[in-house]
Amino acid sequence: MRIPFIAGNWKMNTTAAEAERLVLEMLERLDKIEGVEKVLCPPFVSLVAISMMLENSSIKLGAQNMYFEAKGAYTGEISPLMLRELCGFVILGHSERRWYFGETDEQVNKKVKAALANKLKPILCVGERLEDNEAGKTEEVVSRQVTAALSGIEPVRDLVIAYEPVWAIGTGKAASGKQAAATIQFIRAVVAKLWNKGIAQDLRILYGGSVTGANIAEFISHPEIDGALVGGASLKAEEFVGIVERTAEIKKRTK
Ligand code: PGA
């Protein structure tokens, strides 16, 4: 059984004070929700404070990016050694990293390797751009991204994949549950071929892209979709808690 998974990607939002307030607003209700793995991914500068706030809670912490070297002369970068003291997860290969900051498949692969070597669980993001989608190249693109990211890595269960079509991120135009489920099923088949069927069946694969309280049910009711990576809606305490509550209810019913 794959445990449902909801992560909030706060992106470059919230000052340290705002981040603490946001956690306080959701902590109590979020902590109580059972049957869903809950992860908050605030900006780096809030990880220390929030890791303390989440101590003794059922809520886990993740970072939004990471460099692959352990330490050294890499001004401005954050390493797996620094993160592993503070959090259990790290988002890697997000499309904003790929498209705004020029991250390549090869760099994403190095980051996934470095995270796993340091006991950090990667939330590996893949997804096609609008022009790839319109050209019918979704499968080709996600297959290339997944294969490259996992290249040279022994099969592991400590990995979550998020399918996030670029055209659906922050646009209010989410994919349909059916579209998302079909691509996620395809990604699972790619992992089965790369690694093996057993691992592919055990890995959590999420949908991300304009997920809200109003549309979460459409995704989560597909057995193929194990949860969501939520951006904008994770910055609103009430809505994010609602998304996790709906996920817990629906997944419990459809188990
Ligand atoms: P969004 O972002 O929910 O704001 O579309 C999702 C993501 O980028 O992870």
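In this chain, residues are counted from 1 in sequence order. Each ligand, and each atom within it, is numbered from 1 in the order the structure gives.
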Find all atoms of ligand 1 within a distance of less than 4.0 Å from any non-hydrogen atom belonging to [X], and give their numbers and elements.
X    : result
G209 : 5 (O)
E164 : 6 (C), 7 (C), 8 (O), 9 (O)
G232 : 1 (P), 3 (O), 4 (O)
H94  : 7 (C), 8 (O), 9 (O)
G231 : 1 (P), 2 (O), 3 (O), 4 (O), 6 (C)
K11  : 2 (O), 6 (C), 7 (C), 8 (O)

Query raised in the report: For residues K173 and S210, is any side-chain donor paired with an opposing acceptor at under 3.5 Å?
Result: no
Query raised in the report: Without hydrogens or angle criteria, can the side chains of H94 and E103 be said to hold a donor-acceptor pair below 3.5 Å?
Result: no
Requested in this report: Indicate, as side chain, backbone, both or neither, the part of N9 found under 4.0 angstrom from ligand 1 when only non-hydrogen atoms are considered.
Outcome: side chain
Basic-acidic side-chain contact under 4.0 Å: [X], [Y]:
X    : Y    : value
R29  : E238 : yes
E224 : R188 : yes
K178 : E218 : no

Requested in this report: Consider every N or O of T171 and every N or O of ligand 1, then say whether any pair is closer than 3.5 Å.
Outcome: no
Query raised in the report: In terms of the angle between their ring planes, are Y67 and Y74 parallel, tilted or perpendicular, with boundaries placed at 30° and 60°?
Result: tilted
Query raised in the report: Can a non-hydrogen atom of G208 be found less than 4.0 Å from any atom of ligand 1?
Result: no
Query raised in the report: Is there a heavy atom in G170 that sits closer than 4.0 Å to ligand 1?
Result: yes
Query raised in the report: Tell me the side chain to side chain donor-acceptor pair (under 3.5 Å) pairs involving residues 142-158, sequence neighbours left out?
Result: D105-R144, R157-D202
